[in-house]
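Please read these numbers as outputs of a predicted model, since none were measured by experiment. To find a chain, count down the sequence lines: A is the first, B the second, and so on, and within it residues start at 1.
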Amino acid sequence: MPTSDVLRLENVNVRYGDSAEVLREVNFTVPRGSFHFIVGASGAGKSTLLKLLFLSLRPSDGEMFLFGQPVHNAWRSRRVLLRRHIGMVFQDVRLIDHMSVYENIALPRAIAGERERDYRSDVRALINWTGLETRIDAYPPTLSDGERQRVAIARAVVARPILLLADEPTGNVDGKVGSLLLQLFAELNRLGTTVLITTHNPVEQDDIDAQLVRLERGRLILPGTEAP
Amino acid sequence: MRSARLTKQWLLPARASSILLFFAVGTMCYLAAISLGTGLLLVHAVDGWTQEISSRASLRIDVLEGRDTQIAAQQAARAAERNPNVIRAAPLSREEIEAILEPWLDTEELGEEFELPAIVNLRLRVYDKQVLGNLVNEIQRQVPGVVLETHDAWRERLEQTRRWTLAVAFGVPGLIAAVAITVMLLATHVVFTGNRPVIELLHLLGARNGDIARAGRKRTFVPCLCASVLATLLALATFEAVARADTGHPLLETAANREIYAGWLALVPVASILIARISVRIALIRSLARLSRT
Ligand SMILES: Nc1ncnc2c1ncn2[C@@H]1O[C@H](COP(=O)(O)OP(=O)(O)OP(=O)(O)O)[C@@H](O)[C@H]1O
Ligand SMILES: [Mg+2]
């Protein structure tokens with residue numbers, strides 16, 4: 001298995017309990033440093049695919065390799081530790097309301113057991129980069145949707161992940177803010193992070209060299225191929 | 001500092017629950033320390049009384065035809081003093097005996113010629129039934145009709161009191177500890193169930209159960225330490241105040257003997273921190289395991 005691939009799925013099916021398959025026969029390889037948009041209608045299985053890649057969901061069938069290692073049968077504690085190398089922007093953002101912007105962003109580093117003096121400057125740099133300087137001590141309930149989304153992005157990248165996943169990060173914001181957020185992802189990608197973003201209405205982004213992958217009722221359709 | 005606040009705040013706004021924990025642990029430790037201290041002082045007093053009555057016994061020389069009871073008493077006292085277990089043997093004067101018998105006899109009506117039994121007070125070195133038995137036999141050989149009167153019934157009652165006092169002194173802190181553990185298990189469970197989304201998020205952000213448990217332990221350690229130490233100092237101050245209050249009550253005045261209880265009271269914070277650590281650990285691991293199973 002070539003380690004230049006961050007991720008590889010082989011014939012993966014995903015079911016929730018006894019339901020029908022939400023993802024079907026998915027074969028997908030994500031090379032290091034690539035940028036993917038995953039596009040699909042509501043209910044197509046985009047969030048399910050990201051949860052699978054984030055290791056918070058196991059494949060029902062098939063094999064999955066992350067950073068060159070098989071993870072489809074990995075133990076819970078190993079999946080938790082591997083997750084420290086993956087950044088995730090959740091569709092429902094998921095900030096902790098009783099923690100400030102600074103604390104929310106710093107959380108993954110604190111969880112990893114780092115001391116504050118080791119991550120303070122990184123967190124501050126991210127806060128400046130996302131334009132949240134004036135909101136550093138604010139609490140999530142007082143933030144706008146766009147600001148919350150930016151906090152979530154900053155938190156997803158604060159631990160310098162190899163792989164960055166974002167579930168409709170532009171879903172709740174207007175077009176202008178949306179393209180601003182996409183700029184952040186593009187910049188991270190240029191710095192070497194592998195990026196995967198889901199969206200149901202892809203915006204034209206000329207300056208991003210992205211692959212467009214379609215998801216239709218659980219089937220992944222790669223560019224150049226057509227739905228059967 | 002931010003990082004300290006950060007690790008503490010994973011689950012709940014830290015301050016409210018820390019203050020709550022502080023007061024709960026403080027109150028429990030104070031009650032435990034007071035119970036322990038009071039019990040130990042009581043035991044000390046009981047021991048004093050037991051020792052006091054154990055060092056005392058008396059010989060009764062009954063009136064016999066053809067002998068002078070007072071002379072017989074002198075002989076009995078001399079015979080007793082030859083025994084190494086007897087420190088002192090003092091025959092009582094007629095007035096002293098009348099004073100003792102007054103509640104039972106109308107002594108004023110008694111004429112001078114009315115013969116009273118004689119009494120010899122003994123001060124003993126050790127209280128040992130066998131030694132005392134030998135002593136009586138020895139005296140009886142020289143002075144027949146001598147009866148030894150000891151305080152066995154009182155000694156038994158005091159022994160019983162001592163056992164009960166000790167049981168209460170240590171039982172109450174034990175009960176408090178049991179309640180504390182139960183409350184800790186329950187509270188942890190409630191906090192975790194209430195923070196389920198946060199716990200899930202922490203797992204998603206790469207926290208293992210052990211990481212979350214460690215943060216929880218850190219958060220409980222400092223309030224527990226401060227509360228138990230302060231409560232113990234407060235309990236010591238309470239005993240000090242009682243000792244100085246000049247109540248005139250012999251029992252309360254024993255509080256001045258710090259060496260009786262201070263050592264044991266110093267164990268209260270140590271025990272409470274140990275109990276807190278162990279129960280928090282069990283509670284955290286149990287609650288987290290239950291949450292992450294689903
Ligand atoms: N926890 C779950 N249990 C059972 N079914 C689920 C669960 N989560 C999602 N599904 C089902 O799986 C299918 C795909 O859901 P998913 O959330 O992946 O869609 P999506 O493409 O992200 O949609 P959207 O654009 O609305 O976010 C849907 O039919 C949904 O009802
Ligand atoms: Mg979705």
Side-chain angles (χ1 to χ4, degrees), chain A residues 50-51 53-57 75-121 123-124 136-137 139-140 152 155-161 165 167, chain B residues 1-21 187-188 190-223 280-281 284-294:
Chain A
L50 282 208
K51 281 179 200 160
L53 304 186
F54 191 51
L55 307 180
S56 65
L57 209 65
W75 284 23
R76 188 194 146 74
S77 54
R78 202 167 95 79
R79 284 186 286 142
V80 169
L81 285 184
L82 276 170
R83 220 178 268 148
R84 291 185 180 177
H85 302 290
I86 311 173
M88 174 74 146
V89 181
F90 301 97
Q91 187 167 11
D92 51 357
V93 189
R94 297 212 198 183
L95 302 179
I96 296 182
D97 284 349
H98 63 256
M99 289 169 66
S100 70
V101 165
Y102 176 95
E103 290 162 348
N104 265 289
I105 294 174
L107 193 52
R109 301 283 289 265
I111 286 175
E114 287 185 56
R115 280 166 306 191
E116 203 211 359
R117 63 162 180 267
D118 297 331
Y119 58 69
R120 188 188 296 125
S121 60
V123 175
R124 289 190 172 275
I136 182 164
D137 288 318
Y139 289 84
R155 183 182 66 189
V157 300
V158 72
R160 303 167 195 267
L165 308 171
D167 201 356
Chain B
M1 236 194 80
R2 267 213 173 95
S3 72
R5 235 172 71 211
L6 189 57
T7 43
K8 283 179 199 162
Q9 281 191 341
W10 284 9
L11 302 178
L12 264 190
R15 195 175 296 155
S17 50
S18 292
I19 291 174
L20 216 72
L21 192 68
T188 311
V190 168
V191 166
F192 275 28
T193 314
N195 284 282
R196 203 193 185 105
V198 176
I199 305 273
E200 271 170 17
L201 179 64
L202 292 175
H203 283 145
L204 288 175
L205 295 181
R208 290 161 299 181
N209 283 348
D211 300 322
I212 301 173
R214 204 168 307 125
R217 278 210 296 282
K218 265 189 201 159
R219 218 179 86 185
T220 49
F221 182 70
V222 175
V280 163
R281 193 188 164 78
L284 288 170
I285 297 295
R286 260 176 43 140
S287 299
L288 283 169
R290 201 174 302 162
L291 276 188
S292 46
R293 216 180 295 140
T294 50

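Taking every heavy atom of both residues into account, B:Leu204 and A:Ser56 meet most closely at CD2-CB, 3.6 Å.
Among A:Met88, A:Arg84, A:Arg155, A:Arg79, the residue making the largest number of heavy-atom pairs under 4.5 Å with chain B is A:Arg84.
Using a 4.5 Å heavy-atom cutoff, the side chains of A:Leu95 and B:Leu201 are not in contact.
Rounding to the nearest 0.5 angstrom, the gap separating the CZ atom in A:Arg94 from the CD atom in B:Glu200 is 6.5 Å. The CD1 atom of A:Ile111 sits 4.5 Å away from the CG atom of B:Leu205 when rounded to the nearest 0.5 Å.
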